[in-house]
Participant: 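Have a look at the structure that comes next, please.
Within every chain, numbering begins at 1; the chains are lettered A, B, ... in the order of the sequence lines, protein sequences first and strands thereafter. Note that the structure is a prediction, hence the values are computed from the model and not measured.
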2 protein chains.
Amino acid sequence: MQNTLETIKNIYPLKEQHLNLLLQELSVVELPKNHLIIKADKVERSLYFIETGVARAYVDGRDNRITFWFGMEGDIILSYHSYVNNKPGYESIELLEDCLLYELKTEALEQLYNTHTELANWGRKLAELILIKTEESYIGRLFKPAKERYIDLLQTDPLLIQRIPLGHIASYLGVTQVTLSRIRAEVR
Amino acid sequence: MQNTLETIKNIYPLKEQHLNLLLQELSVVELPKNHLIIKADKVERSLYFIETGVARAYVDGRDNRITFWFGMEGDIILSYHSYVNNKPGYESIELLEDCLLYELKTEALEQLYNTHTELANWGRKLAELILIKTEESYIGRLFKPAKERYIDLLQTDPLLIQRIPLGHIASYLGVTQVTLSRIRAEVR
DNA sequence: TTCATTTTTTAACATTTGTAAAAAGACGCC
DNA sequence: GGCGTCTTTTTACAAATGTTAAAAAATGAA
């Protein structure tokens, strides 16, 4: 569980004692490619650390399906919207490869938050870190055209593009696959 | 401080004792329209509760300036990017009206987080709530065309549109002011 | 009120992106 | 290897949005 352990430790430094409380709640899960691990319109009661594999989150519009997040080793699968409100979320998360995951039930997590200041701060930091990542995607998307964002993606996550169908990447960049093809023809 | 008090209480229920610890750290600030309260590329050391007034956050691109957030009574002005990383942020926040604000120094807040589980959980909830709001804007923006988002805005914040120049709203919706004008002509 | 300034709308044209459909390429499976 | 399926690219055309500039409307100060 190398990747998951690193992820947990990097969020907020924890004493051995508190780290173990968290680790005790994890259980390993193996799931195949194409499995739908988070379902829109359903209340979710777990989060998952990605030990190996790739996933994407998407929302369905009236006549389109838009990918807005990719996760890989070291990332966390979590519908915050569902978790925070304890209500159905609007996004679905689908595995794009066979995945090895560590599951953590949100109820257990909530319990830890209420009883240990250190873990409450770990949870705060987790939310803060995801928040600034979300803000960054949001803002990056606001003022960079798709072509630039594609080039950024090539540089920051060159491996991702190898592992994910272009249709999903086009959706992530906010253009049609035809337009992404045109961009790729230009950049090449 | 009616609005600010409500805001604080609504984030996470606090006992009188912990609420007071937080309130003790607030100080009132009055600032005029057009004041730049958060500056891009500067490390920020405070957050502000908006008691009265309106503000907007924007980022500067190479040849454009994009508004991505509006705040009014009950909202919080905070550069999470700067606060979490303790590094300069990329956004600026400008007051669009004369404002009455309550300032809270992040250093004092950090201190409270480290010493009180309840306040750490308040801080967690704060980050979580802002996160899901950010996610909602992000996702809403992804799959709704500007026209729909304008109609949404009309319904959810009819007052906002009265208080804010259309140029900022166009920027917020991700279109030029000319396009927003066309949308308004259609909707009317 | 009147004038100057700012904000909003309208117009004409250029550019970008989308749509639909077909062609080309990649891949696994028997 | 050959077949079918899925992914990616290309093409022609349509639709939406941007750019630039000017006109109209609203706002604020003297």
Participant: Please report the distance, rounded to the nearest Å, between CD in B:Q162 and P in C:dT7.
Facilitator: 17 Å

Participant: Parallel, tilted or perpendicular: which describes the rings of B:W122 and B:Y113, with under 30° parallel and over 60° perpendicular?
Facilitator: tilted

Participant: Can you see if the side chain of A:T179 gets near the phosphate of C:dG18 - specifically, an N or O under 4.0 Å from OP1 or OP2?
Facilitator: yes

Participant: Do A:E91 and A:Y80 have side-chain N/O donor and acceptor atoms under 3.5 Å apart?
Facilitator: no

Participant: Within the 3.5 Å criterion, strictly below it, is a donor on A:T176 or A:T179 matched to an acceptor on the partner's side chain?
Facilitator: yes

Participant: Nearest whole angstrom, please: distance from the C1' of C:dT8 to the NE2 of B:H168.
Facilitator: 14 Å

Participant: Relative to the 5' end of DNA chain C, which residue comes earlier, B:L166 or A:V175, by the nucleotide with the nearest heavy atom?
Facilitator: B:L166

Participant: Taking atom P of D:dT8 as reference, at what distance in whole Å does atom CD of A:E186 sit?
Facilitator: 19 Å

Participant: Starting from C1' on C:dC27, measure out to NZ on A:K33 and report it in whole angstrom.
Facilitator: 10 Å

Participant: Regarding B:H35 and B:E94, is there a side-chain donor-to-acceptor distance under 3.5 Å anywhere?
Facilitator: no

Participant: Would you say a side-chain N or O of B:R184 is under 4.0 Å from OP1 or OP2 of C:dT8?
Facilitator: no

Participant: Base, sugar-phosphate, or nothing for A:A146, non-hydrogen atoms under 4.0 angstrom?
Facilitator: nothing

Participant: Using the closest heavy atom to pick a nucleotide of DNA chain C for each, name whichever of B:V178 or B:P165 lands nearer the 5' end.
Facilitator: B:P165

Participant: So, A:Y83 and A:E110: side-chain donor and acceptor under 3.5 Å apart, yes or no?
Facilitator: yes

Participant: Rounded to whole Å, how long is the line connecting atom CG of A:L173 with atom P of C:dG18?
Facilitator: 11 Å

Participant: From the list D:dT8, C:dT17, D:dG18, which nucleotide is the closest neighbour of the side chain of A:R182?
Facilitator: C:dT17

Participant: Between C:dG18, D:dT8, C:dT9, which nucleotide gets closest to the side-chain atoms of B:Q177?
Facilitator: C:dT9

Participant: Please state how far atom OH in A:Y150 lies from atom C1' in D:dT8, giving the value in whole angstrom units.
Facilitator: 12 Å

Participant: Roughly how many Å is it from CG in A:L180 to P in C:dG18, rounded to a whole number?
Facilitator: 10 Å

Participant: Rounded to the nearest Å, what distance is computed from the CZ atom of residue B:R163 to the P atom of nucleotide C:dT7?
Facilitator: 17 Å

Participant: Within less than 4.0 Å of OP1 or OP2 of C:dT17, is there a side-chain N or O belonging to A:T176?
Facilitator: no

